[in-house]
Chemist: 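First, the structure itself, so that you have it in front of you.
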Amino acid sequence: MATSREAQARGVTAGMALAEATALAAGLVALPWDEERIARAALEVTTAFLAASPRVSCAGMSSLPSGRLATGRGGAGLWWIDAAGLGSEARLAGKLVAIAGGLGFGPARAGVADSAIAAYAATYGGRADPRRPADAAVRPRIVPPGADARYLAPFPVTLLDLDDDLAETLRSLGLVNLGQLAALDADEVEARFGPEGLAAHRLARGRDSRGPSTPRDDALPVVEVELGGPVATAEPLLFVLKGALASLSEALHARGLAAREIALALQLDDGTAAERAVRPARPTSHPDALFDHCRLALEGWQLPEPATALRLSAAVTVPASGEQGDLLAPRWADPSALAAAFDRIRGSEGLDAVAVPEVRDGHLPADQGAWTPARPDGQRHGRRLPAGDGETVVTALRTLSVPTPVHVRLGRSGLAAFKHGDHWHDVAEWCGPERLAPRWWRHDGPGPAGEPSGPRDYYAARTADGALWLLYRGHPDQWFLEGWLD
Amino acid sequence: MVGLTAPGRAAALAGRSRADARSAASPRSDYVELHCHSGFSLLDGASNPEALIARASAVGLTAVALTDHDDLGGAVRWAEAGKEHGVEAIVGLELTVGEPGGRAAPGTPGRIEGAPASTSHLTLLAMDQSGYRNLSRLVTLARSGERGTPAAPWDEVERYAAGVFCLTGCPFGDVPQRLARDDEAGARDRLGRLAEVFGGRVAVECWDHALASERAVVPRLVALAGSLDLPWLVTNDVHYATPRGRLVHDVLTCLRHRTTLDLAGTLLRPNGEWHLKRPDRIAHRWRHYPEGVAATREVAERCAFRMAALTPTLPVFPTPPGVSADDHLAALVGSGARERYGERLTARHQAQLRHELDVIRRLQLAGYFLIVWDIVREANRLGVLAQGRGSAANSAVCYCLGITAIDPIGMELLFERFLSEDRREAPDIDIDFAHNDREQVLQYVYRRYGRDHAAMVCEAITYRGRAAVRDAARVLGFSVQQAEKLADEADRDGAREAGEKLLAGGAAAADLDPADHRVRMLAEVVRGLHQLPRHRSIHVGGFVLTAEPLADVVPIEPAAMPERTVIQWDKDDLDPVRLIKIDLLGLGMLTMIQKAIQLIRLHRGVSVDLARLPMTDPAVYDLLCHADTIGVFQVESRAQMNTLPRLAPRAFYDLVVEVALIRPGPIQGEMVHPYLRRRAGLEPVTYPHPSLEPILERTLGVPLFQEQGMQVAIAAAGFTPGEADELRRAMGHKRSHERMAKICGKLVDGMAANGIEPDVARRIFNQISAFADYGFPESHAASFALLVYASAWLKLYYPAEFACALLNAQPMGFYAPGTIVEDAKRHGVEVRGVDVMRSAWDCSIENGALRIGFRQVAGLGSKARERLEPLLADARPASLEGWVHESGLAVPQLRALAEAGAFDGLWPNRRSALWEVLKHTRGAAGPLAPVAQDRRAAPVPALTPVELTEADYRVTGLSPAGHPMRHLRRAVARLGAIPAAELERRRDGDWVTVAGLVICRQRPGTAKGFCFVTLEDETGLANVVITPKLFEEHKRLVRRSPLLLVSGVLQEEQGVLNIRGKQFAAPRPEAGAAFVTSHDFH
C-alpha cells in the first residue's frame, strides 16, 4: 500500500491492512494497487533522468539496501545514475532532485559517491541516521572520490539489510557501525560469518557491484541464454527455448509490440554461429504461438557442431494489433490469433481490459465470483460445475452493477411476474427463498444510515422465454433484480 | 461482476414444492428446541447456557435441550439456569461419530475444525440416568484420542445406546449427508441401523434456515422417516440466543479457522437464522407439517433426566480389617493430637475434637478426611513441603492429621466456617505443595485411585476485555499492533465494559475513527464475547475423586499437559452435583523455603525445622516493620510494604492481621485506616455494640475476618453457626438477591430482637457485607502468616541462601531476578556471575557467596539443561573450543553464555570470547575451512561498564556488577533526580525528583483509578502514587516506559514514604528496556 500525505497524517502507513486503514480514517478512498501506473511513473522518472545522464537504472523498491527503510513510509523509489564525466556533481545532483520534484515526486534526495551503497547513504545528507524521515529535504551530499569507506564508517550496520542472526551477533560483538565492520580482516569475517558476512563486509568497505546501466534498446528485445555446455539434441534446447520465449514475449508486451519475425541464433561449440528467421503467420507476442514456430525451426535444423548458447531477438516488430477474433470461426482457433486480439485490446484499453471470471468463496452471489485481469501469460481462472450426467457446465451469473428495484406480482402460487424496465416478465417457475445476509462488518451494501442492509431472500425465476433471473426481496419487503444466469 | 450459481439453487428450481403458498392451519406452540449449542461448543456457540435459558424463557419455550459438540461442560450451568427460570433443561450433546483419522476439509461450516473428515454428527439426548452416564462415557471415549479431534466410533455409540434418544443430527449427520449425496440406500441402511440400535428412540431431524441446500434434503428425510415408520421432528440447530448473536458466532468461526471475516467466505453461515426462535414462529413455518413440531414435545417428555439426579460418591478409603472409616479417623486424630499438643492436650481440646469427629461422622465424611490425610502423608514421604490453607485450618481434626499447621483451638478459630451440618455441603480442603515438586503428589493421586476415578477440575477460560478486544480486532482485520493499542484501552474490564468503553472514546484514544462502521462493529462484537468460554485449561489444583467410574458422572479428557486428565466441569459446577473437590495447589514460596532449608543444611550444617521456629524473634519483626520484605511471602507487594511500618507487627497475630488487612474486602469496607489509626492510638477503640466486644477485641473493634462476621451474627442476631455460615455464603462470591434479602432480613430482625438500634444494626450489616466476599478467613490468614514469618526469618538469618532459593524457585513472587539480586547485595550478599567452570544449572552457594546458575541465561531451556547437566557433573571442558564442541549448545546459546560473561574464566573479555567461539562454531564446516590457530587479540571493542551491565541484564536479567542506574546517575542528577535512599532525609511536603527502573505498576480495582508505581535505583526503591487524572494524561508513558523520571511531592505518614507524582518523563525513551521485567497490573 502506498499512501497520500493526508492519509499518512491520519496514521495510515504502507503495509497496513485496508480494514485497519479505513478504521483510522473512515473517509479514506482506497484505490487498488496499480503496478502499471507505478511502472509508468518509474519509466517517466527514468526517462527524465536520462536527460541528465546516459546511464540510469531504476533500482526499485526491492533493490533498496533495507526493505524496512523502503516500506516504512508509503513506498519510495531508488535510482542509480552515472555522474561520471558530466561536470559538477553537485549541479547534477541538484538537477536530478529538481527533475524528480518537477514530476511531482519530491522531495527527492540525492547522494553522489563512487559506490552505490555510499551514494545511498549520502542521500541522508551526511547524517548517519537512516531512520530520518523520508520526506525531509536535505542538500545533496557529495562523497569525495576514493572516500566511500571513510564516509560509510559512522553509519550503523543497520544500513545493510542483514539477517537477524548476523545483526544480533555483530551487535553482541560491539560492531555497531560500518567502520568497525570494515576494519576487520576479510578472512576472519568469512571464517566467522560466512558468505553473508563477507558480503556485508564488502559493502561496509564501499565495494558495491550495483550501479547504473545503459537502458536497453527497446526496439530490439533480445534474450540470450548460456546452455551450460555443448548440447547436441533438440530436447534441452526446447526446454531453454520456452523460458527464453517467455522473457522475449514479456519484453514485447511491455513495449506494446508484436513480433513479425524472430531471429533464432545458436552459438556453436567451435565458436561459429548459426541463425534462422522465424516468421509467424501473423504478428504476435504470444509465447505459445512463437514456440510452435521456433520448435519447428529447431527440429528440422542440422547443425555441424553442438550448440553452447541460444539467442532470440525480435528482428522485425510491429505495434501490437490484430483484428477482433471470432471464436466460432475455424480460422481463429489459433492461440496466436486470440493472443493478438487480446494484445490489441490491451494496447488500446489498458492491461486490465481483458478479464476472465474468477471463482471466489462467498455466500452472496456478488461474492461468488469476480472479473480479474487476464495476464498475457495465459493463466485462466474459472469453475466448472458438475452437471447431472457427469459432464461439466460453466454457469455464470451476470450481475447488474447495482441491483435494480423491480415490481413483483405475486399470484396464488407465489412469484407470478416481475417488471424490469418497461417490461413485465411472466414467471413460469421459481425457487426460493434462500436467505443470505450481507457482510455485516463492511458497509458497502445498500443499507440505510451506515448500517449494512438486512437479510435478503433470493429467488431464482425462470421466465416464459427460458431465461433464468436472480431476484431478491430485501428489507422492508422491496424487490430487486440482481442479474441473470448465462 | 460475475457470480456462479450454487448447485443447490439451480437443482432445486425444477422440483420446488409450492407448499409454502398453501393456506395454513393455525400454529401450535408446543415446540421444544431439542438441538441447542452453547459457548461450550467451543468457538461454535455464541451464547452462554444462562443466556440461552433466559431467551428460552422469554420466548415461551417450556423445555430446551443443550447439545454441545462432544461436551457436557455446560450441563451444570444449564441445569441451574433451568431451575432459576422454570425451563425444563434437557441434557444432551451432538456427538462426532466416525473413525478418527484425517482432518476435516477446510471450509465446512458447522463442522468442528480438525474433526476427522470421515466423521458425522449425531444428536443424543439423555432420557434417564443410564442415558446420561452413556453420554458422558461416549464423550470421554471421543476425547480420549488426539486433542482437538474428538470422534467416537460407531460401535461405541451402539454399545452406549441405552437410555439415550437419538436424533439424526444437523446437515452433517450421516443420514442427511448420504441423502445430499443421493445415496438413498446408504441413508436408509444407516437410519435402519440406528432404529435397530436405539429401538423406539430415534427420530429424524429436520431444519429450515431458509437455505436451498436444506430444502433439497428435508423432504427426502421426511419421506425416509415415513418409509421406516419412524418419527421426524424439527430443530433449529441453535448456535446463539438472539439474531444479533450471529455477529459473535461469525467471529468465533473465524477464530476457529484462524482467518479473518474478509477471508472466511463460506466458512461463515450464510445468514442469522441459527438463533433460538419463538415456538409460534417455528409452528408457523411448519404449519403444514404439525407432526414434526408435535414430535418435539413427545421426545422432550421422554427425556426426563435432570442433572439433580446425579449422586456421585467418594472412593472408599481402605481401613484395617474390621475398622470403620470413622473409627480409623478417630484413632489417627487421637494419635495426632497427642503428637501435636503433647502435654497441652486438655479437656477443651478433647471436647472440640469429639465435636468435630461427630459432625464428620454424621456427614459421612470420614473417608474424605482419610483421603486427604493420605495425600499429605505421601507428600511428607516424598519430601515435598505441604501445608493446608483456607478454612481447613479452622479444624482441629485437620491440625491433628497434619493437614494444616495452625492450632485452631489455640487461636479460637470457628470450626463452622469449615464444616457445618446446616450447610450439608462438601468441605473445602486446600493444600499447598512446593510447586516444583507438586507433580509427584498429583501423579500419586492418579496412581492411588486410578485414572478412571480421579481427575483434575478444569477451568473454563472466558473472555474478558483485553482478550475479547484482541481477538475481535484481529478477526475484523486490524493489525496486531492496533489490536494491542485497543486492548490497552480495555484495561482490566470485562468484555461488556470494554465494548462500551470503545464506543465512549476508547477507539478514538487508540487513534481509530469512531465513525467507521467496522469500529462500531468491533465494539458490538467485544460486548457479545462477554464471558464466553474461549478455551479450557486445568484448574490450579482441584482434584475430584469418585467411587464409581468418574466418566459416569462427567466426561474426562486429556489435558494439554502430559499425564494430566481433566473433567469438563469448572470448580463452580461441582457443588450443585455434590462432587467433592480437593485442592492440591502449587505454592512457589513452599518451594523457596524447601530449597532454602536444603541449602542451609548443605552449606552451614544447620537443620531448620519450620515447626520449631521461634515465633517471637524481635529481629524478625524489626525486619518486617522496616518493610524490608522483597521476597517475603505475602507482604512484598507495594501495598503491604506501605502498611507494614504503620502496623508495626510485633507478634504472630499481627502478621495474621497484616495478611488479611490488605485485601479488597477490608479496603472496600474502609476498615484499613480505622484499624491502623486505632493501632497507632490515634483514635479510640470502640465497638458497634457491647455484645460484640469479645469478638472484635483482638482486631481493635474492626471486623477483618470472615469468622468474625459469622460470630457477630451469632452474638448480635442469635444465629446458629450454620445460619451464620449461610449468611457468609449468601454475601459471598455469587450473590443472589433473593437469598440475600431473606437472610439479611433475618439478621436485622435478630439484632432488633437483641435490642440493637436499627442504625447500629445497619452499620453492623454493612461492615459484614463489605468483606464477606473477599475477606480472608482468619484460619487462612493464620496459615499464610506462618509462611510470612518463616520466609522473613530465612531472609534475616540466611540472606544468601534465601536469595539463592528465591532465584531457583522462579517464576514466583512479585519481583524479577534483578530486583532480588539487588536486594541481596544490599543485605551484604556477594553475587558472582554465571561461570561455565563454576556454575551449576541452578544458582548455588559458593563460599558464602551467591553464584548465578545457567538457568538465568536467556535462551537456555529444558533441552539445554538436559545437555548441560551431564557435562557439569563430569569433567567440564577447559577450553572455549571444548565448550563449543562438547556442550551441544547452538550458536545463539553459546553467544548468550559469552555475553553473560560465562567464559570469563577461560577467555578474558566477553566479546573476545564470543569472537573466538564464533571461529570454532564455523570450524566444523569442512576440510576446506580449517580453523586457524590464531592467538591474535580479537579486533572487537571491549565492553564499557554500561554495556557490560546492559549485557548482563539482557542475557540474565540481573547484574553482579551493579545496578544500571549507576550509569545514568550523572545524567538524571542533571535533571534534578536524587537517589531513592536520599528520600529518607527529605521532609514531608518537599518537592522531589527521582528516577529509576519501573519494577512494578499497579492499579487495583479498589484504588478508584489511582496508579502505584515502584521505581528502583542503585540505592533502593521509591514509591510513586499517580492520581487517576494524571494517569490518564500520561498513560502511555507510565505504562510503557521502562525508565521513568518522576517529580512530585513527598508524603511521609507513619514512616512510610510516597511521592505524589506530578510530572513524568522518560529520560531516554529507549533506555532501560533491557534492564527490567516489571510486575505490572497484577
Side-chain angles (χ1 to χ4, degrees), chain A residues 11 16-17 19-20 22-26 165 169 172-175 180 183-185 188 191-192 194 357 359-363 365-371 383 385-386 395-399 401 412-414 429-437 439-443 450 455 457 460 462 483 485, chain B residues 1-7 9-10 12-14 16 18 20-21 107 209-212 246-247 250 260-262 265-266 268 270-273 476-479 482 511-513 515-519 521 891-892 895 898-899 911 914-915 918-919 922 929 931-932 934 939-943 947 951:
Chain A
M16 183 176 273
E20 184 161 320
T22 54
L24 289 168
D165 189 51
T169 304
S172 298
L173 287 166
L175 303 171
Q180 289 171 305
L184 300 177
D185 179 82
E188 291 189 331
R192 285 163 180 81
V359 175
R360 290 188 178 171
D361 183 34
H363 288 299
D367 291 344
Q368 291 173 357
W371 291 111
R383 181 170 70 175
L385 299 178
T395 317
L397 171 69
R398 296 280 166 184
T399 56
S401 57
R412 303 185 76 185
S413 56
E429 56 177 350
W430 56 273
C431 76
E434 172 136 26
R435 181 159 299 168
L436 303 176
R439 299 150 296 208
W440 51 264
W441 60 95
R442 285 168 57 175
H443 178 225
D457 284 340
R462 192 182 297 285
L485 293 149
Chain B
M1 184 58 71
V2 66
L4 300 172
T5 54
R9 189 182 299 146
L13 182 63
R16 199 261 172 194
R18 306 279 173 98
D20 271 1
H209 300 99
L211 297 179
R246 183 218 179 177
L247 277 58
D250 282 354
T260 64
L261 287 161
D262 287 316
T266 50
L268 305 178
N271 60 42
E273 292 293 311
L476 276 156
F478 295 95
S479 67
Q482 189 64 58
D511 304 324
L512 294 188
D513 187 344
D516 181 56
H517 175 71
R518 200 178 289 246
V519 173
M521 288 295 102
V891 175
R895 187 173 67 210
E899 282 197 87
R911 283 177 176 160
L914 175 56
W915 184 253
L918 289 171
K919 184 173 75 178
R922 295 195 66 82
V931 180
D934 184 1
V940 290
L943 285 165
E947 283 175 333

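Labels below follow one simple rule: chain letters A, B, ... track the order of the sequence lines, proteins then strands, and each chain is numbered from 1. Heavy-atom basis, side chains included; hydrogens, waters and symmetry copies ignored.
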Chemist: Please assess A:L436 against A:E434 for the test side-chain contact (heavy atoms from CB on, under 4.5 Å), listing each intermediate value before the final yes or no.
Modeler: CA-CA 6 Å; A:L436 303 176; A:E434 172 136 26; 3.9 Å; yes
Chemist: Would you mind checking which part of B:E947 comes under 4.5 Å of any heavy atom in chain A, side chain (CB onward), backbone (N, CA, C, O), both or neither?
Modeler: neither
Chemist: Quick check on A:D165 against chain B: is it the side chain, the backbone, both or neither that has a heavy atom closer than 4.5 Å?
Modeler: both
Chemist: Within the side chain of B:D513, is there an N or O that forms a donor-acceptor pair under 3.5 Å with the backbone of A:A23?
Modeler: no
Chemist: Tell me, for B:R895 versus chain A, whether the close heavy atoms (under 4.5 Å) come from the side chain, the backbone, both or neither.
Modeler: side chain
Chemist: Where is the tightest heavy-atom contact between B:E899 and A:S172, given as atom of each residue plus distance?
Modeler: OE2-OG, 2.9 Å
Chemist: Are A:D367 and A:R439 ion-paired here, with the side-chain N under 4.0 Å from a carboxylate O?
Modeler: yes
Chemist: Out of B:L247, B:T260, B:V891, return the one with the most heavy atom pairs under 4.5 angstrom to chain A.
Modeler: B:L247
Chemist: Under a 4.5 Å heavy-atom cutoff, which of B:P270, B:G477, B:A210, B:P941 has the most pairs with chain A?
Modeler: B:P270
Chemist: Heavy atoms only, distances under 4.5 angstrom: which of B:S479, B:P892, B:A898, B:A515 has the most pairs with chain A? Name it, please.
Modeler: B:S479
Chemist: Chain B: which of A:T169, A:L184, A:D361 shares the most heavy-atom pairs with it under 4.5 Å?
Modeler: A:D361
Chemist: Among residues at least two apart in sequence or on other chains, which ones pass salt bridge (charged side-chain N to carboxylate O under 4.0 Å, His left out) with B:D516?
Modeler: none
Chemist: Within 45 degrees of the axis of the six-membered ring of B:W915 and under 6.0 Å from its centre: does A:R192 put its NZ or CZ there?
Modeler: yes
